[in-house]
Visitor: 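Quick one: structure below, then a few questions.
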Amino acid sequence: MAGRASEWHKLPVSLKELCINTTLRCGQSFRWRKSAEDEWSAALHGRILSFRQDASHLHYRAIFPSTNATPTSLPTPPASNVPSESDDDNTLGLINHYFNLEPNLAQLYDQWAASDANFRKKAPKFTGVRILRQDPWEALIGFICSSNNNISRISSMVHNLCKHYGPLIGHINDEPYHDFPTPEALAVPEVEAHLMKLGFGYRAKYIAKTARMVAEEKGLAWLEGLCNPESPVFGKGTAPAGEMEDGGREGYRKAQAELLALHGVGPKVADCVCLFGLGWSESVPVDTHVWQIAQRDYKFGKGKHASLTQAMYVAIANHFRKLWGKEAGWAHSVLFTADLKAFSDRITAKVEIKEEEVLVKTEPGGSLLVDEVVKKDTIKRKRVKKEPEANEQQVVEIKEEVVRRSKRSRAR
DNA sequence: GGTACACCTCATGT
DNA sequence: AACATGAGGTGTA
């Protein structure tokens with residue numbers, strides 16, 4: 001049963017300022033599900049949020065539980081952030097906060113482009129990538145799941161956490177949507193064995209330990225206290241965030257250092273939590289992917305036995321901070337996204353179209369090519385041949401072949 | 001301090 | 001069909 005208030009509203013936003021199709025899929029959040037064509041939904045702050053976007057507007061809808069039950073883990077946004085206008089539940093305030101809509105993104109892109117030729121070259125096809133302001137606890141657990149893992153599996157693991165340990169908020173198309181579980185919910189003794197059974201592998205122990213540590217020892221207030229004071233968990237901050245240095249501001253360095261005490265949290269995961277959950281925009285998480293970018297485009301580690309040591313990690317992060325400044329983590333995320341194979345169609349767009357044309361031409365029977373991104377580096381190509389005359393079974397033959405992206409341009 | 005190596009699981013390539 | 005590799009790493013020796 002759909003809860004209260006499910007009309008669509010809209011907010012004027014250009015695609016250069018926010019592109020949800022990129023931002024919600026680039027691996028900073030693992031919660032968003034496709035609820036319809038060009039529609040993304042997730043349970044957040046005790047409601048189901050859905051988004052669509054066109055060239056001029058972000059369209060949104062909030063569905064609340066039919067019962068006026070107790071609010072979930074996160075506090076209701078303070079009234080100071082309410083832009084008024086029939087927004088008594090402050091969904092608009094939540095959206096402004098979550099999408100981090102305050103900064104002028106086009107201006108930031110210009111700034112990063114001005115100081116970096118590589119950014120200038122790569123960024124134009126990946127405009128509108130915004131750093132989300134996610135809940136710190138959710139970001140922490142999500143990125144603990146990310147070690148030695150890929151986006152599609154991380155997403156399904158996070159989905160499982162919500163499904164088994166998070167409060168049910170509502171349904172869309174009979175699909176249940178759960179909010180993210182609290183630390184307490186994940187601190188119960190059965191969690192580790194259960195997650196193990198759910199296929200979390202060695203991360204089951206990390207999650208169980210970290211949940212207990214936060215729930216019983218450090219407290220959620222400790223985690224939220226690591227936030228950038230200019231960008232607290234919700235609302236507008238007042239306190240200054242400190243002076244920028246090579247290694248980042250003091251608050252960032254402290255947050256990163258404290259997070260390292262948690263099980264399953266190394267430098268990379270800590271930096272992801274800092275950037276995506278705590279509002280420290282200078283945090284530059286260096287994973288194998290960024291390491292490759294640093295080698296390929298910024299001449300790092302070209303030596304013989306170059307490996308991503310701790311020293312190398314810091315050197316790369318510092319280099320990017322010096323290059324792009326206070327929002328280095330943001331700029332880095334744009335380049336990271338540009339390198340994601342799930343988006344590689346944007347790089348090879350022209351080639352793809354040519355291939356299709358050729359294939360259609362060479363098959364006079366009239367065939368349809370449907371490329372869909374199945375996983376990060378593969379696409380599933382369906383060739384659907386249709387009978388010349390229509391009968392009840394239109395699709396006579398469906399061939400599926402899975403091919404590597406990189407090889408495709410040469411194949412055929 | 002820097003370097004191997006194991007670690008759960010899943011998908012893909014050989 | 002078994003085996004290796006890598007996936008947005010971390011903990012340990």
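These values consider heavy atoms only, across backbone and side chains, with no hydrogens, waters or symmetry-generated copies. In what follows, chains are A, B, ... by sequence order, proteins preceding strands, each numbered from 1.
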Visitor: Tell me every residue that passes ring-ring contact (aromatic ring centres under 6.0 Å, His included) with A/His57, counting only those two or more places apart in sequence or in another chain.
Guide: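 For A/His57 there are no ring-ring contact (aromatic ring centres under 6.0 Å, His included) partners, ignoring immediate neighbours.
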Visitor: Before accepting this row, confirm whether a basic side-chain N of the pair A/Arg33/A/Glu175 lies closer than 4.0 Å to the acidic partner's carboxylate O.
Guide: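 Result for this pair is yes, salt bridge flagged.
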Visitor: Got a salt bridge between A/Arg52 and A/Glu39, using NZ or NE/NH1/NH2 to carboxylate O under 4.0 Å?
Guide: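 Yes, this pair counts.
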Visitor: Please work out whether the ring planes of A/Phe126 and A/Phe343 are parallel, tilted or perpendicular, with thresholds of 30° and 60°.
Guide: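 Aromatic pair A/Phe126/A/Phe343 classed perpendicular.
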Visitor: Scan residues 188-206 of chain A against DNA chain C and write down, sorted by residue number, each residue with any heavy atom closer than 4.0 Å; if none is found, say none.
Guide: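 A/Tyr202, A/Tyr206 - these, ordered by number, are the residues of the stretch whose heavy atoms sit under 4.0 Å from the strand.
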Visitor: For the atom pair NE2 (A/His45) and OH (A/Tyr98), what is the distance rounded to the nearest 0.5 Å?
Guide: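 Answer for the NE2-OH pair, A/His45 versus A/Tyr98, is 9.0 Å.
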Visitor: Let me know the distance between CG of A/Asn148 and P of B/dA11, rounded to the nearest Å.
Guide: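 Nearest whole value for this atom pair: 16 Å.
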Visitor: Say we look at C/dG8 and B/dG2: how far apart would their P atoms be, to the nearest angstrom?
Guide: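 Nearest-Å result for C/dG8 against B/dG2 at atom P: 27 Å.
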Visitor: Nearest whole angstrom, please: distance from the P of C/dG11 to the CD1 of A/Ile207.
Guide: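 From A/Ile207 CD1 to C/dG11 P: 13 Å.
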Visitor: Suppose the criterion is ring pair (Phe, Tyr, Trp, His ring centres under 6.0 Å): which pairs have a residue in residues 255-278 of chain A, not counting sequence neighbours?
Guide: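 Pairs touching residues 255-278 of chain A that pass the test: A/Phe143-A/Phe276, A/Tyr206-A/His263.
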Visitor: Just N and O in the side chain of A/Thr288: are any of them under 4.0 Å from OP1 or OP2 of C/dG9?
Guide: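 For C/dG9, OP1 or OP2 has a side-chain N or O of A/Thr288 closer than 4.0 Å.
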Visitor: A/Ala257: what forms a side-chain contact (heavy atoms from CB on, under 4.5 Å) with it, not counting sequence neighbours?
Guide: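 Residues passing side-chain contact (heavy atoms from CB on, under 4.5 Å) with A/Ala257: none at all.
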Visitor: Exactly one of A/His194, A/His178, A/His159 should register a ring-ring contact (aromatic ring centres under 6.0 Å, His included) with A/His164. Which one does?
Guide: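 One option only clears the test, and that one is A/His194.
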Visitor: Any N/O pairs under 3.5 Å between the protein and nucleotides 2-4 of chain C? List them or say none.
Guide:
none

Visitor: Taking only the P atom of each, what is the distance from C/dT5 to B/dC5 in whole angstrom?
Guide: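 So the two P atoms sit 12 Å from each other.
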Visitor: At their closest point, which heavy atom of A/Leu105 faces which heavy atom of A/Lys16, and how far apart are they?
Guide: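 Here A/Leu105 and A/Lys16 meet closest at CD2-O, 3.8 Å.
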Visitor: Might you point out which heavy atoms bring A/Met312 and A/Phe300 nearest each other, and give the distance in Å?
Guide: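 Scanning both residues, the minimum pair turns out to be SD-CD2, 4.0 Å.
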Visitor: To the side chain of A/Asp287, which of C/dT10, B/dT3, C/dG8 is closest?
Guide: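 Shortest atom-to-atom distance from the side chain points to C/dG8.
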Visitor: Does the distance from a Lys or Arg side-chain N to an Asp or Glu carboxylate O, for A/Arg130 and A/Glu17, drop under 4.0 Å?
Guide: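 Result for this pair is yes, salt bridge flagged.
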Visitor: With the threshold set at under 4.0 Å for non-hydrogen atoms, list the residues of residues 308-331 of chain A touching DNA chain B in residue-number order.
Guide: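 Within this stretch, A/Thr309, A/Ala311 sit under 4.0 Å of the strand.
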Visitor: Which pair of heavy atoms, one from A/Ile172 and one from A/Ser50, lies closest together, and at what distance?
Guide: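 What the structure gives for the nearest pair is CD1-OG, 3.6 Å.
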Visitor: Need one value for A/Phe276: base, sugar-phosphate or nothing, where a base atom within 4.0 Å counts as base even if backbone is also close, heavy atoms only.
Guide: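 Result for A/Phe276 = base.
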Visitor: With A/Ala113, which residues qualify under side-chain contact (heavy atoms from CB on, under 4.5 Å), at least two apart?
Guide: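 side-chain contact (heavy atoms from CB on, under 4.5 Å) list for A/Ala113, sorted by chain: A/Phe119, A/Arg120.
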Visitor: In terms of the angle between their ring planes, are A/Phe51 and A/Tyr60 parallel, tilted or perpendicular, with boundaries placed at 30° and 60°?
Guide: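 Rings of A/Phe51 and A/Tyr60: tilted, as their planes differ by 30° to 60°.
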Visitor: Between A/Lys209 and A/Gln28, which residue's closest nucleotide on DNA chain C lies nearer the 5′ terminus?
Guide: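 The residue whose closest nucleotide sits nearer the 5' end is A/Gln28.
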Visitor: Round to the nearest Å and state the distance from A/Ile154 atom CD1 to C/dG8 atom P.
Guide: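 Atom-to-atom, A/Ile154 to C/dG8, this comes out as 7 Å.
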Visitor: Which residues pass the side-chain hydrogen bond (donor to acceptor under 3.5 Å, both in side chains) test with A/Asp339, not counting sequence neighbours?
Guide: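 Result, side-chain hydrogen bond (donor to acceptor under 3.5 Å, both in side chains) vs A/Asp339: A/Arg296.
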Visitor: For the pair made of CG in A/Asp339 and P in C/dG8, what is the distance, rounded to whole Å?
Guide: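 Whole-Å distance recorded here is 12 Å.
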Visitor: Roughly how far apart, to the nearest Å, are B/dC8 and C/dA2 at atom P?
Guide: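 Per the computed distance, 23 Å lies between those P atoms.
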Visitor: Show me the donor-acceptor pairs, under 3.5 Å and distance only, between side chains in residues 239-246 of chain A and residues at least two apart or in other chains.
Guide:
from     : atom 1 : to       : atom 2 : distance (Å)
A/Glu245 : OE1    : A/Arg253 : NH2    : 3.4
A/Glu245 : OE2    : A/Arg253 : NH2    : 3.4

Visitor: Rounded to the nearest Å, what distance is computed from the CH2 atom of residue A/Trp291 to the C1' atom of nucleotide C/dG9?
Guide: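 Answer to the nearest Å: 15 Å.
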Visitor: Using a 4.0 Å heavy-atom cut-off, does A/Cys26 contact any base of the nucleic acid, only the sugar-phosphate backbone, or nothing at all?
Guide: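 Base, at least one base heavy atom under 4.0 Å.
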Visitor: For A/Ile151 and C/dG6, what is the distance between atoms CD1 and C1' respectively, to the nearest whole Å?
Guide: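 Roughly 14 Å, once rounded to whole Å.
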Visitor: Could you write out DNA chain B as dot-bracket? Rules: Watson-Crick or G-U wobble, both distances under 3.5 Å, brackets [ ] for crossings, | for pairs with another strand, dot for unpaired.
Guide: ..|||||.||||||
Visitor: Using a cut-off of 4.0 Å on non-hydrogen atoms, how would the nucleic acid contact of A/Pro285 be classed: base, sugar-phosphate, or nothing?
Guide: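 The residue A/Pro285 makes no contact with any strand.
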Visitor: Has the side chain of A/Lys268 got a donor or acceptor atom sitting under 3.5 Å from an opposite partner on the base of C/dG8?
Guide: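 Side chain to base: pair present.
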Visitor: Pull out every residue in residues 254-265 of chain A that has a heavy atom closer than 4.0 Å to any atom of DNA chain C, ordered by number, or say none.
Guide: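 Hits under 4.0 Å, by residue number: A/Leu262, A/His263, A/Gly264, A/Val265.
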Visitor: How close or far is atom P of C/dG9 from atom CZ of A/Arg153, stated in whole angstroms?
Guide: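 Taking atom P of C/dG9 as the reference, CZ of A/Arg153 is at 12 Å.
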Visitor: I need the CG-P distance between A/Asn149 and B/dT12, as an integer number of Å.
Guide: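 Roughly 14 Å, once rounded to whole Å.
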Visitor: Under the side-chain contact (heavy atoms from CB on, under 4.5 Å) test, which residues partner A/Ser283, sequence neighbours left out?
Guide: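 A/Ser283 satisfies side-chain contact (heavy atoms from CB on, under 4.5 Å) with A/Tyr252, A/Asp271, A/Cys274, A/Leu275, A/Pro285 only.
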